[in-house]
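To keep things clear, I will list the structure first and then write my remarks on it.
So you know, we letter chains A, B, ... as the sequences are listed, proteins then strands, and number each from 1.
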Amino acid sequence: MSTDALPQSMVALVDCNNFYASCERVFDPALIGKPIGVLSNNDGCVIARSAELKALNIEMATPAFQVYPLQNRFGIILRSSNYALYGDLSSRVMQVLDSFSPSVERYSIDEAFLDLSGMQDSVSNICQQIACKVPIYTGIPVSVGAAPSKTLAKIASHLAKKQPGRQNVCVFEHADDPELLIWLKSLPIEEIWGIGRRLGQKLRQAGIETALQLRDTDHRWLKRNFNVLVARTALELKGTHCIHVDDAPEPRQNIMCSRSFSKTTNSLAELKEAIRFHCQIACEKLRKQNSLAQAVLVTIRTNGNRFGPQHKEARAYPLPQATDDTALILKYAQEQLELLHQPGLRYQKAGVMLLDLIPHRPMQLGLFQKEQASISEQGQKRRQLMQTMDQLNNKIGKQAVGFGLARKEANWQMKMAHRSPRYTTCWQEIPVVKAK
DNA sequence: CTGGGAAGAT
DNA sequence: ATCTTCC
């Protein structure tokens, strides 16, 4: 290689606008133009807002009970989280994005990074196409930001959304684009991707208050006085593509399922019911990503916001062998729960975590490998049972079959007073069209 | 009356 | 293990 410059890297971030609120509108157009808020699990607080709700100065994470009294006056519509719907619409959006680049990283339910390096078409063109096509195909409006690095693409997408004239697209072909520099100069340090509240404070103490300042701070100094991540972020701001688009992420290293009770409980039976539920969901996820767990951890905790005796503890238990068998994992989880549980305390939350996950490589048994076959005969049967359960649950609906009964009204079930229909994933709830 | 899940650094 | 960050 000579001194030729490396091919310019180019990353796009596609971000769904007010994703959950937009999802609610797709099958209920009456919501268009109205202030919509989507609530967290248990209908606790607002976690997504339509533009109209933002305009009413309802902040993110506002407790639901503070919004209820305003609903009538401002015509605010609140919805419980409908993850079945959001997940499905998310994969539709991702599918459309797949047609724009061979390398698409599903970064979160509503965001994706696209590697646009070395594309034939101009980056601006591609980004405009994305911003135009995704809403047509899915009903979800998106913003698209593109730049030489992920961190800059994040900033670009922010501008795409924020600045009205841009029509949801913002492209910086070069990291030294004068317009970008002006923006970096006014961008507060803690609004940069990867710099949270804590680091922001520390950086400010060191006199670094804007994105531009961070970008121009010595790399080694940052590494020494902060950490590699901050140093890397500074490089990214310079346009060096350090955080690559990862379109084939490794399987999860651990899987956690936990939830708060709608009311605290001191009943061991109720805790067991919750653990059983979480265990089954966790094991489903485990099998879905084709892994085996080597340890299971059970955690319970009382409500730390209340007075009274507190208890917050987790117990990990190493499984005798790596497994994805719900029945087995469940058995050990229940044992751990009994060891943890202190009668008389009121618990607020319970959870299960599967740890030390390793890939499961199903052995191809030869036709005459009798010995091996007999050893794993029980295992094979269990495996089939699990597979059948997963298939049924996939087909009919979450937890259609499982271990023990899942009571709809159970205390640990989510409060979901305002959930919209699962239009796309549940036969009973598909939209009905009336034609004259 | 204020969420759940995961990764990675230290 | 704990802390921090992200969405």
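Summarising the geometry, the separation between NZ on A:Lys288 and P on B:dA6 is reported as 13 Å, rounded to the nearest angstrom. Put simply, CG on A:Asp43 is 14 Å from C1' on B:dG4, counting in whole angstrom units. Protein atom CG of A:Leu357 is 13 Å distant from nucleotide atom C1' of B:dG5, rounded to whole Å. The CZ-P distance, from A:Arg301 to B:dT2, rounds to 10 Å in whole Å. When the P atom of B:dA6 is taken as reference, atom NE2 of A:His278 falls 13 Å away, rounded to whole Å. Taking atom CZ of residue A:Phe261 and atom P of nucleotide B:dT2, one finds them 15 Å apart after rounding to whole Å. Computed from coordinates, the A:Ile109 CD1 to B:dA6 P distance equals 13 Å when rounded to whole Å. A straight line from CG of A:Leu39 to P of B:dT2 spans 13 Å, rounded to a whole angstrom.
Between A:Trp193 and A:Tyr107, the distance separating the two ring centers is shorter than 6.0 angstrom.
Salt bridge status for A:Lys154 with A:Glu111: present, with a side-chain N to carboxylate O gap under 4.0 Å.
Place A:Ser258 and A:Gln66 on DNA chain B by their nearest nucleotides, and A:Gln66 ends up nearer the 5' end.
For A:Asn225, the side-chain contact (heavy atoms from CB on, under 4.5 Å) test picks out A:Trp221, with sequence neighbours left out. Residues meeting the side-chain hydrogen bond (donor to acceptor under 3.5 Å, both in side chains) test with A:Gln167, sequence neighbours left out: none.
A:Gly194 comes within contact range of the sugar-phosphate backbone alone, with a heavy-atom separation under 4.0 Å but no base atom that close. If you check every strand for non-hydrogen atoms under 4.0 Å, A:Leu297 touches nothing. Nucleic acid contact class of A:Lys202 (heavy atoms, under 4.0 Å, all strands): none. Residue contacts shown for A:Glu111 are limited to sugar-phosphate atoms, with no base heavy atom under 4.0 Å away. Among the heavy atoms of the strands lying under 4.0 Å from A:Ile195 are primed sugar atoms or P, OP1, OP2 only; no base atom is included.
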Output one line per pair: protein atom, nucleotide atom from nucleotides 7-10 of chain B, and distance, for all N/O pairs under 3.5 Å.
unit_1 : atom_1 : unit_2   : atom_2 : d
B:dA7  : OP1    : A:Arg252 : NE     : 3.3
B:dA7  : OP1    : A:Gln253 : N      : 3.3
B:dA7  : OP2    : A:Asn254 : OD1    : 3.4

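Going from atom CG of A:Asp246 over to atom CG of A:Asp115 covers 11.5 Å, rounded to the nearest 0.5 Å.
You'll find the side chain of A:Thr62 stays beyond 4.5 Å of the side chain of A:Arg49, heavy atoms only. In this structure, the side chains of A:Asp110 and A:Tyr20 stay at 4.5 Å or more apart for every pair of heavy atoms.
The P atoms of B:dT2 and C:dC7 are separated by 24 Å, rounded to the nearest whole Å.
When distances are taken from the side chain of A:Asn41 to each of B:dA6, B:dC1, B:dG4, the shortest belongs to B:dG4.
The phosphate of B:dT2 has neither OP1 nor OP2 within less than 4.0 Å of any side-chain N or O from A:Ser40.
In 5' to 3' order, the nucleotides of DNA chain C bounding all contacts with chain A (an atom under 4.0 Å from a heavy atom) are C:dT4 to C:dC7.
A donor-acceptor contact closer than 3.5 angstrom is absent between the side chains of A:Arg106 and A:Ser90.
Under the salt bridge (charged side-chain N to carboxylate O under 4.0 Å, His left out) criterion, the residue pairs touching residues 334-346 of chain A are A:Lys272-A:Glu338, with sequence neighbours excluded.
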Side-chain donor/acceptor pairs under 3.5 Å, residues 228-240 of chain A, sequence neighbours excluded:
unit_1   : atom_1 : unit_2   : atom_2 : d
A:Thr233 : OG1    : A:Leu229 : O      : 2.9
A:Glu236 : OE1    : A:Lys150 : N      : 3.3
A:Glu236 : OE1    : A:Thr151 : N      : 2.8
A:Glu236 : OE1    : A:Thr151 : OG1    : 2.7
A:Glu236 : OE2    : A:Cys242 : N      : 2.8
A:Glu236 : OE2    : A:Ile243 : N      : 2.8
A:Lys238 : NZ     : A:Arg215 : O      : 3.2

